[in-house]
Amino acid sequence: MTKHELRQQIRRQKQLHAGDDSIAIIDRLKRLPFLSCARTILLYFALPDEVQTQSLIDELVQQGKTVLLPKVIDNTKMELRYYTSKKDLTTGAYGIMEPSGENFTDYAAIDLAIIPGMAFDSKGHRLGRGKGYYDRLLSQLTPKTIKIGLCFPWQRVDYVPTDENDVSMDYVIC
């Protein structure tokens with residue numbers, strides 16, 4: 001199956017599973033020692049069809065963690081911005097809520113990256129939405145950064161086709 005065919009299959013599944021509950025997935029993530037030990041965390045502000053991270057983001061900020069969210073800059077690039085509260089958010093590219101806070105460039109300081117995806121397989125391969133934003137961003141992180149993919153159980157598949165630009169996750173939580 002090609003990446004395009006797998007994306008189509010996942011889009012059909014999303015229609016069947018609209019409104020799936022994210023709470024159990026976030027609870028599993030919160031039990032991981034990686035999260036409690038991390039000081040600087042890259043997260044995403046979820047689209048309606050993704051595992052919802054909004055309450056987790058605010059909880060981590062309240063714990064004193066540095067939370068970073070991506071902001072789309074152009075057709076190929078995202079940059080990271082500090083997130084401190086919901087007032088930092090504006091509607092950005094693709095209708096995604098994006099941070100308007102200060103730019104963050106010290107990628108070596110990121111302890112943990114929590115990443116969305118269309119599908120993941122057991123080897124941590126990730127299928128994105130097809131523009132390569134996250135793969136380009138993740139390729140700039142150091143090997144010490146732990147990468148965790150978040151997805152609903154129906155987004156776990158046997159095989160995700162990959163190419164040389166794809167960045168795999170260290171763990172997938174669903």
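The figures that follow rest on heavy atoms only: side chains count, while hydrogens, waters and symmetry mates do not. Keep in mind the model is a prediction, meaning the values are calculated, not measured.
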Is there a donor-acceptor pair closer than 3.5 Å between any side-chain N or O of [X] and the backbone N or O of [Y]?
X	Y	answer
D58	S55	no
E79	I73	no
E98	T90	no
D121	G124	yes
K123	V160	no
T53	L56	no

Closest approach of [X] and [Y], non-hydrogen atoms and distance?
X	Y	value
R126	I115	NE-CG2, 3.4 Å
A38	L112	CB-CB, 4.0 Å
C151	I25	O-CD1, 3.3 Å
V51	S22	CA-OG, 3.5 Å
E50	F152	C-CE1, 3.7 Å
G128	M118	O-CG, 3.2 Å

Check for me, please, whether V157 and M1 land in the same ILVMFWY cluster - side-chain distances under 4.5 Å, paths through other members count.
yes
* Same cluster for M97 and L47 if Ile/Leu/Val/Met/Phe/Trp/Tyr side chains link at under 4.5 Å? ->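 Yes, because M97 and L47 connect within a single hydrophobic cluster, where side-chain heavy atoms sit under 4.5 Å apart.
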How about [atom1] on [X], more than 12 heavy atoms from neighbouring residues, nucleotides or ligands closer than 6.0 Å, or not?
X	atom1	result
R136	CZ	yes
N103	CG	yes
K87	NZ	no

*asked:* Quick one, Y134 with M78, criterion side chain to side chain contact (heavy atoms under 4.5 Å, CB included). Give me CA distance, side-chain angles, the key distance, then yes/no.
replied: CA-CA 8 Å; Y134 272 104; M78 288 193 304; 3.9 Å; yes
| message | With a 4.5 Å cut-off on side-chain heavy atoms, are L89 and L69 touching? | response | yes
Side-chain contact, heavy-atom cut-off 4.5 Å: L35 with I148? no
Spacing of [X] atom [atom1] and [Y] atom [atom2] [to the nearest 0.5 Å]:
X	Y	atom1	atom2	answer
N75	K77	CG	NZ	13.5 Å
E59	Q62	CD	CD	7.5 Å
I57	T84	CD1	OG1	12.0 Å
L127	F120	CG	CZ	9.0 Å
D27	D21	CG	CG	9.0 Å
I10	Q155	CD1	CD	6.0 Å

### K147 and D170: CA distance, side-chain angles, deciding distance, side chain to side chain contact (heavy atoms under 4.5 Å, CB included) verdict
CA-CA 5 Å; K147 297 174 292 304; D170 299 308; 3.6 Å; yes
*What do you reckon, are the aromatic ring centroids of Y83 and F45 less than 6.0 Å apart?*
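No, too far apart.
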Among T66, I41, I114, exactly one meets side-chain contact (heavy atoms from CB on, under 4.5 Å) together with L60. Which residue is that?
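Among T66, I41, I114, the one meeting side-chain contact (heavy atoms from CB on, under 4.5 Å) with L60 is I41.
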Salt bridge or not for D111 and K65, using N-O below 4.0 Å?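 Between K65 and D111 there is no salt bridge, as every charged N stays at least 4.0 Å from the carboxylate O atoms.
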Between the side chains of K3 and D163, is the shortest nitrogen-to-carboxylate-oxygen separation below 4.0 Å, so that they form an ion pair?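 Result for this pair is yes, salt bridge flagged.
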Within the 3.5 Å criterion, strictly below it, is a donor on S168 or D166 matched to an acceptor on the partner's side chain? no
Return the orientation label for the F104 and Y82 ring planes: parallel under 30°, perpendicular over 60°, tilted otherwise.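 F104 vs Y82 ring planes: perpendicular.
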Go through it in stages, so that I can follow the logic: the residues are L42 and L137, the test is side chain to side chain contact (heavy atoms under 4.5 Å, CB included), and I'd like the CA-CA distance, side-chain angles, deciding distance and then a yes or no.
CA-CA 11 Å; L42 166 59; L137 177 68; 4.0 Å; yes
Where do R156 and S122 land on the side chain to side chain contact (heavy atoms under 4.5 Å, CB included) test, with the steps shown first? CA-CA 8 Å; R156 286 296 293 260; S122 63; 4.0 Å; yes
